[in-house]
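For reference, the structure discussed in these notes is given below.
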Amino acid sequence: SRIFIVPSLHRMHHSALREEHDSNYGAVLAVWDRLFRTVREGEPRSIGLSGVEEQHFADLVKYGFTSRVEFKRVPVMIENAEKA
């Protein structure tokens with residue numbers, strides 16, 4: 001993991017939390033993240049995009065051949081903090 005991106009490093013890049021996913025940009029070499037101090041090791045607290053429906057294999061294959069991708073949004077329920 002000092003030279004090459006390994007799955008554990010790449011997983012952090014897919015975190016749902018901004019402070020975690022703004023790291024580990026390298027696709028092959030971890031050297032660039034170490035050089036620019038964007039490497040972050042460990043397990044992400046949460047993976048995925050908040051409010052976006054899970055994509056299946058066929059969706060991911062189609063994504064590679066599409067110039068503009070619209071994600072299916074999941075309705076987000078916001079609870080009212082103040083009760084009437």
inquiry  = Tell me if a side-chain donor or acceptor on N24 pairs with a main-chain N or O of M12 at a distance below 3.5 Å.
reply    = no
inquiry  = Under the side-chain contact (heavy atoms from CB on, under 4.5 Å) test against I5, which residue among V28, D33, V39 passes?
reply    = D33
request  = Examine distances only and state if a side-chain atom of S23 and a backbone atom of R40 form a donor-acceptor pair shorter than 3.5 Å.
outcome  = no
request  = Using side-chain hydrogen bond (donor to acceptor under 3.5 Å, both in side chains) as the criterion, list what pairs up with R37, not counting sequence neighbours.
outcome  = none
task = Kindly compute the distance separating CG (L29) from CZ (R34), expressed to the nearest 0.5 Å.
result = 11.5 Å
remark   = Those residues at least two apart in sequence (or on a different chain) that pass ring pair (Phe, Tyr, Trp, His ring centres under 6.0 Å) with Y25 are H13
ask   = Who passes side-chain hydrogen bond (donor to acceptor under 3.5 Å, both in side chains) against R45, sequence neighbours left out?
value = E19, E20
ask   = Can you get from I3 to V6 by hopping between Ile, Leu, Val, Met, Phe, Trp and Tyr side chains that sit under 4.5 Å apart?
value = no
task = Would you please classify the geometry between the H14 ring and the H10 ring as parallel, tilted or perpendicular, with 30° and 60° separating the classes?
result = perpendicular
